[in-house]
Amino acid sequence: ADQLTLQLKWVTQAQFAGYIVAKEKGFYSDADLDITIAPGGPNVAPEQVIAGGGADIIVDWMGGALAAREKGVALVNIAQPFKRSGLMMICPTETGITSEADFPGHTLGVWFFGNEYPFFAWMNKLGLDTAEGGDVTVLQQSFDIQPMIQGQADCISVMTYNEYGQALDAGYGPDNLTIFNYTDMGNDLLEDGLYVMEDTLEDPAKVDAYTRFVKASMMGWEYALENPEEAAQIVVDSDDTGGAELAHQLYMVGEVSKLVDATDPALDMATYERTVKALLDQSIITAEPEGGFTTVVTDGL
Amino acid sequence: MNKPIVVSAKNLGLTFPTGDGDVIALSDVNLDIAKGEFVSFIGPSGCGKTTFLRTIADLEQPTSGTLTINGLTPAEARQNRAYGYVFQAPALYPWRTIAKNIALPLEIMGHSAAQQSERIARTMELVNLAGFEQKYPWQLSGGMQQRASIARALAFDADLLLMDEPFGALDEIVRDHLNSELLKLWARTQKTICFVTHSIPEAVYLSTKIVVMSPRPGRVIDVIDSPLPHERPLDIRETPEFLAIAHRVREGLRAGHSYEE
Amino acid sequence: MNKPIVVSAKNLGLTFPTGDGDVIALSDVNLDIAKGEFVSFIGPSGCGKTTFLRTIADLEQPTSGTLTINGLTPAEARQNRAYGYVFQAPALYPWRTIAKNIALPLEIMGHSAAQQSERIARTMELVNLAGFEQKYPWQLSGGMQQRASIARALAFDADLLLMDEPFGALDEIVRDHLNSELLKLWARTQKTICFVTHSIPEAVYLSTKIVVMSPRPGRVIDVIDSPLPHERPLDIRETPEFLAIAHRVREGLRAGHSYEE
Amino acid sequence: MPETGFGLLIPIVFGLALLFVWEVVTRGANVPQVLLPAPSQIWARLIDSVPTLIADFQQTFMKSVLAGYAMGCGAGFVVAILVDRSPFLKRGLLPIGNFVSALPIIGIAPIMVMWFGFDWPSKAAVVVAMTFFPMLVNTVAGLSQASEIERDLMRTYAASYWQTLFKLRLPAAAPFIFNALKINSTLALIGAIVAEFFGTPIVGMGFRISTEVGRLNIDLVWAEIAVAAVAGSAFYGVIALIERAVTFWHPSVRGGRA
Amino acid sequence: MNGKTLPILIVLAAILVIWYAAAIPMNAPWQERLNERAGLETSFIEFVGQTWSQAKPLLPVPNQVFGEIWNATIGTDITSKRSLAYHASITLSSTLLGFALGTLLGVGLAVVIVHNDASERSLMPWIIASQTVPILAVAPMVVVGLGAIGVTGLVPKALISMYLSFFPVVVGMVKGLRTPEGIQLDLMRTYNATAWQVFSKLRWPASVPFLFASMKVGIAISLIGAVVGELSNNAGGGLGVRLLTGSYNGQTIQMWAALFIAAALAAVLVIAVGSAERVANRAMGAQT
Ligand SMILES: Nc1ncnc2c1ncn2[C@@H]1O[C@H](COP(=O)(O)OP(=O)(O)OP(=O)(O)O)[C@@H](O)[C@H]1O
Ligand SMILES: Nc1ncnc2c1ncn2[C@@H]1O[C@H](COP(=O)(O)OP(=O)(O)OP(=O)(O)O)[C@@H](O)[C@H]1O
Ligand SMILES: Cc1ncc(C[n+]2csc(CCO)c2C)c(N)n1
Ligand SMILES: [Mg+2]
Ligand SMILES: [Mg+2]
């Protein structure tokens with residue numbers, strides 16, 4: 001069997017249900033693959049891991065992947081299961097923020113560590129100065145909703161499938177929140193895609209293995225989205241840390257299903273172009289990327 | 001002699017427990033020391049002289065019997081700063097210069113800066129250490145360190161002086177000099193002095209009372225009240241009275257020893 | 001006298017730099033010590049006796065002049081383990097029992113366990129400390145600590161003994177006893193002994209040569225070759241020869257002092 | 001004086017050799033820049049980013065580190081004295097002090113952010129928690145260093161607790177206390193930087209490091225690390241100099257001469 | 001009840017009281033907002049009860065934390081990934097390995113430094129610089145680097161523990177090995193003792209108080225290192241990972257439980273070093 005390591009972008013959770021389910025359900029071994037799934041975390045940069053040879057395939061956001069490509073890590077998108085962005089910014093109504101026009105003078109929580117590109121692209125579009133003493137104050141937000149609960153930030157970043165659920169649990173909801181959904185605003189940048197190193201694509205055997213991998217993964221996604229309870233349970237069981245909660249993972253599968261297209265992992269060119277333009281606009285990348293994606297895998301499905 | 005009693009020991013005993021059995025350092029010691037007396041303690045090494053001084057100073061606790069200082073417990077007397085103590089080892093603080101070491105008790109007892117420097121100068125002169133004020137202890141010879149520690153004990157005016165072999169590391173000349181200085185001081189101030197020494201002539205020359213001790217267990221085997229006059233020129237050491245006392249001390253000392261040469 | 005020279009100092013000088021100016025501890029010292037001699041050093045406190053012994057032992061470096069030990073440099077002599085040293089302070093290691101402290105040089109010089117315990121027993125007996133093998137230094141009186149350190153230096157058989165006031169904290173009886181033991185040892189083994197003392201009788205009684213020193217700067221002011229016979233009963237101390245030498249030493253000592261009582 | 005010049009030379013030569021090997025290896029083996037940039041690249045980036053680096057330094061070192069260090073060392077010291085003062089507290093408080101000893105920094109960092117907000121006070125609080133224990137342990141150990149006879153001397157003066165403390169036990173404890181001050185000088189920096197991984201305004205050395213790792217600007221990360229190393233070494237060096245001046249009497253400083 | 005437990009109990013009781021009291025104002029704003037939203041009117045007593053029983057409180061109260069600890073240890077199968085005991089054992093093993101390595105390295109370096117002035121000048125600045133390198137930034141590189149050469153699991157985490165814990169040992173032992181008095185060293189010189197003999201018979205025993213103070217700090221820091229190392233390698237589990245996931249899921253109670261276990265682990269380890277210290281002191285005839 002071909003041995004491959006998949007490096008996740010974050011800790012084990014239903015955001016990656018497709019891969020976890022594919023492994024547990026034996027879809028990978030059926031495809032003659034031996035897949036190791038490496039959880040990520042706040043301290044793990046998948047681009048770095050793959051450059052160092054610690055992984056063969058990584059789950060990454062396109063902003064980070066293309067930026068890394070310019071830095072000399074030749075990442076190539078081979079599939080894009082997530083079609084939409086799950087990123088949102090939410091502001092409790094008591095802050096008085098009801099529209100983008102209300103932002104100036106407020107404090108906005110943002111995830112950094114390579115997750116900040118969509119936010120800056122958006123601010124760039126709004127023409128808001130994010131530098132110190134500028135129109136808005138930017139905070140590096142912790143990966144939870146505490147800054148909002150504690151009023152340290154007026155608005156915070158959330159993922160529909162994760163932190164937003166925590167906010168709902170905490171008694172927040174559409175009736176007391178102003179919600180800015182990046183996808184709805186057309187500000188979304190492509191999220192979880194599968195990337196490999198460019199040089200490996202020259203090896204037909206590798207390409208074949210990648211193809212089988214993507215295929216099996218999509219079976220995993222399909223199965224997960226059809227059987228959310230079982231998927232959530234599988235995710236909880238595969239979490240080494242014992243931190244994952246069944247109810248929350250179930251919620252996450254439900255939300256993720258709105259973002260993933262389990263039947264077609266091919267990259268949507270329109271979204272790709274928009275992502276590239278946004279990245280170029282705020283100089284996250286400096287030139288139109290060449291060879292940042294390939295259809296050779298998805299064509300072979 | 002109805003001078004007030006300063007130190008009074010009754011059936012005093014002190015036992016040190018150690019890993020391999022108890023050590024009886026003092027046993028059944030009975031002794032009264034009146035105000036203004038100069039008492040020498042003499043006895044073989046390890047017979048309990050230091051331990052007795054330390055018990056008076058409330059640095060050791062008796063395990064039997066009673067001990068009073070000026071009618072008070074040793075602890076109370078210590079709280080009253082009743083005594084000055086010259087240890088057998090110099091115990092100078094290495095981070096202080098010699099002058100600052102001598103200043104230590106003065107600082108603690110709240111003397112003014114002017115008083116301090118006056119007393120430091122006077123006592124350093126007395127022990128012939130002038131010029132070494134700014135040196136640190138490790139820059140001094142053994143005898144110089146010992147003299148510094150004597151100066152430190154003399155710098156404040158305690159009525160009771162406890163001196164544990166203060167002149168052990170000093171040569172004859174310095175010793176004679178300090179002996180007579182000590183006698184002068186004693187005559188002038190009517191201090192009570194408890195003085196440990198290994199030198200029989202020194203003990204006889206200085207004391208109004210000589211306590212001879214013997215070891216294992218440490219006890220008092222002879223107490224000699226000196227018939228010598230208070231006024232003591234150095235050549236008193238050749239008088240028959242002097243030699244008689246010295247002889248008696250030597251005999252006592254020899255009795256306490258186990259040598260049979 | 002054509003015995004080989006063990007210690008030879010020529011124009012030896014040693015200056016300590018200190019924070020407030022140099023201290024001249026030794027200046028222009030010339031001295032030859034032949035094999036088998038018993039040399040006493042006597043002089044006022046701070047005159048450089050310890051410093052001279054330390055220089056012989058290669059613990060201080062002379063700043064001028066030359067010094068040879070058995071024709072070698074002090075460093076080479078030290079590497080040959082040419083001498084045993086009794087420091088002025090006991091310098092016992094607090095984490096070792098007395099027996100273990102005495103064993104220290106034996107361990108270092110690679111004696112077998114059997115040899116070690118035999119020597120420990122013998123030297124502890126010699127200094128009259130038998131029974132205190134398992135005690136720690138702080139459980140001993142001052143004089144007992146000093147005796148332990150003497151035992152430690154005697155435990156291994158060095159041909160040259162450097163002893164810095166070894167009997168300073170001991171009473172007359174023990175002192176007499178140890179003096180005669182030391183003389184016996186010396187007569188038996190033909191060791192060369194350099195001996196610092198503050199006691200004029202002790203110096204005269206023990207020595208074949210007495211070196212009188214004087215301070216500021218430390219220098220040798222008199223070297224007295226003793227006419228006393230090698231065989232010395234204790235009552236030799238009453239003979240006119242003895243008293244004459246003692247008188248000469250005392251005069252030298254007095255000259256070195258600044259007192260004018 | 002030529003001694004000190006020579007003394008400085010050795011680490012510098014050693015360091016230059018190290019940098020040279022690093023440069024040759026990274027270039028020769030073609031190590032990806034995102035894994036380990038060459039020293040020359042780091043230097044170029046450092047020169048480029050001076051204003052950023054200065055701003056980060058001010059935020060992290062001048063505010064979080066110094067404030068936290070002072071408070072943490074101070075608190076450790078004060079608790080050590082309290083514990084020393086009262087046998088009751090010694091039995092009750094010391095085990096609890098041990099408990100605080102290893103409160104993992106990543107555990108308390110988010111909590112401190114909850115309690116003290118995003119800006120430097122929460123980082124300083126983490127530094128306080130990290131530096132507290134080394135100071136507590138060393139001060140407690142140091143306070144038992146005065147020898148029995150040195151204490152007896154104070155007893156004969158019927159010196160008060162505080163007099164004994166200031167005139168004997170603290171000077172005798174100084175070598176231990178300086179150990180803690182030295183260890184803490186580097187711990188404080190680590191603590192402040194790590195704490196910034198858990199939420200911060202967008203300035204600070206830890207913020208920059210985590211963000212730029214995510215952006216794969218590893219050269220800037222190393223430039224920031226270089227600043228941290230220089231600042232930390234200088235901090236340590238200053239403490240070591242003060243130590244030499246204060247504990248001049250200790251055998252370890254005066255060279256063990258009798 | 002001996003003389004030791006009573007003071008601990010009293011101090012603990014004091015801490016509990018302060019803790020419960022502090023939880024009220026800390027959790028109050030959020031509770032007020034909740035009640036306002038729900039239109040609830042509560043008495044003060046009820047309100048206090050609410051602040052003590054929030055699901056995701058700012059400051060969980062002791063019974064919540066200890067309840068969680070109970071559930072996650074006694075109440076859970078020890079081999080389960082949800083068991084705090086399981087995670088604690090993972091952290092403990094890398095802590096102990098890292099501490100042992102760190103102590104050895106620290107003592108080794110101190111020995112080299114004390115015996116060779118040139119090595120002090122060339123090593124010490126780099127040892128200091130090494131400690132100023134932010135460990136959390138380098139840890140991932142270490143883990144990735146070691147992973148590339150096939151070293152995974154316990155060792156990378158233990159290496160990070162070692163990296164942090166060797167430093168207090170070096171600093172303390174350099175001082176400790178230099179603490180013998182001049183006259184004690186002179187004695188060894190008169191015996192022409194070898195460097196090894198001076199070390200084993202004088203410097204080492206003299207440095208023991210410094211060694212134990214350093215080891216107490218070292219073992220505490222070692223635990224911090226293990227936890228930090230776990231951040232870069234979530235796969236293995238451990239208390240660090242529990243802390244993180246607790247934080248990401250907003251599970252303050254779970255976080256506090258993990259924090260308490262980690263702190264308790266540290267306290268036990270430090271106390272163990274302290275007991276070893278007492279044994280060593282007794283064997284070395286310490287004056288009591
Ligand atoms: N802390 C202690 N623990 C155990 N034994 C002790 C302790 N202090 C002293 N001793 C023992 O008590 C006895 C008396 O000791 P002390 O110091 O009083 O003698 P000393 O008369 O002063 O002798 P020296 O003239 O040698 O100083 C000795 O046998 C000694 O070993
Ligand atoms: N390490 C040092 N630094 C500075 N000065 C020193 C040092 N050691 C000794 N001295 C000085 O050198 C002089 C001689 O000291 P030394 O110890 O040799 O005297 P000594 O003859 O042995 O005196 P004592 O009989 O009091 O022991 C003294 O003035 C002393 O202050
Ligand atoms: C618990 C949780 N917290 C934050 C993020 C934000 N974040 C960090 S990495 C990443 C990419 C995931 O595809 C995102 C969204 C998350 N996902 N899950
Ligand atoms: Mg005594
Ligand atoms: Mg001397």
Side-chain angles (χ1 to χ4, degrees), chain D residues 7-8 10-11 14-15 35-36 88-89 91-93 95-96 98-108 110-111 114-115 130 133-134 137-138 141 145 148 175-176 179 182-183 186-187 189-190 193-194 197-198 205-206 209-210 213 221 225 228-229 231-233 236 250-252 256-258, chain E residues 3-4 7-8 10-12 15 58 118 121-122 125-126 128-129 131-137 140-141 144 167-168 171-172 175 178-183 185-186 209-210 212-214 216-217 220-221 223-224 227-228 231 239-240 243-244 247 255 258-259 262-267 270-271 287:
Chain D
L8 270 178
I10 297 176
F14 185 80
L35 283 188
L36 187 63
F88 179 83
L89 287 182
R91 294 199 204 93
L93 216 52
I96 306 218
N98 294 341
F99 191 78
V100 182
S101 68
L103 277 178
I105 179 168
I106 58 156
I108 50 173
I111 293 174
M114 276 187 221
W115 288 3
M130 278 197 90
F133 183 70
V137 164
N138 275 283
Q145 287 304 298
E148 209 53 38
F176 277 82
N179 270 355
K182 287 198 284 188
I183 293 166
T186 63
L187 269 188
L189 196 54
I190 297 180
I193 287 176
V194 171
F197 284 39
F198 297 85
M205 302 169 83
I209 288 172
S210 65
V213 165
V221 171
I225 290 175
S233 303
Y236 184 99
H250 192 257
S252 68
R257 304 306 292 143
Chain E
K4 232 178 168 157
I8 294 185
I10 292 181
V11 171
L12 273 181
I15 289 176
L58 194 49
R121 290 196 210 102
S122 46
W126 291 97
I128 297 159
Q131 294 302 303
T132 58
V133 173
I135 183 66
L136 205 52
M141 305 188 204
V144 168
F167 184 66
V171 172
K175 176 127 289 192
R178 283 188 177 147
T179 206
E181 278 292 338
I183 194 159
L185 284 164
D186 285 345
F210 286 86
F212 280 104
S214 302
K216 282 185 203 167
V217 174
I221 295 189
L223 188 91
I224 293 179
V227 167
V228 167
L231 290 195
L239 290 173
L243 279 168
L244 265 191
S247 152
M255 257 170 90
L259 202 57
L265 213 53
V270 171
I271 289 170
Q287 194 165 355

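Proteins come first, then strands; the chains are lettered A, B, ... in the order of their sequence lines, and each starts at number 1. The figures here come from the full heavy-atom set of this structure, side chains too, leaving out hydrogens, waters and symmetry mates.
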Below 4.5 Å from any heavy atom of chain D, which atoms of E/Leu265 appear? Answer side chain, backbone, both or neither. neither
For D/Ala228, is it the side chain, the backbone, both or neither that has a heavy atom under 4.5 Å from a heavy atom of chain E? both
Working to the nearest 0.5 angstrom, can you tell me the gap between E/Lys216 NZ and D/Phe133 CZ? 7.0 Å
Minimum heavy-atom distance D/Asn179-E/Phe210, with the two atoms named: ND2-CD2, 3.5 Å
Using a cut-off of under 4.5 Å for heavy-atom pairs, which of D/Pro175, D/Ala231, D/Ala141, D/Gly206 has the most such pairs with chain E? D/Pro175
Is D/Leu36 close to chain E through its backbone or its side chain, or both, or neither, when contacts mean heavy atoms under 4.5 Å? neither
Heavy atoms only: give me the nearest E/Phe167-D/Ile183 pair and the separation to one decimal. CE2-CA, 3.9 Å
Minimum heavy-atom separation for D/Asn138 to E/Ala213, with atom names? OD1-CB, 3.8 Å
Kindly compute the distance separating CD1 (D/Ile190) from CD1 (E/Ile224), expressed to the nearest 0.5 Å. 9.5 Å
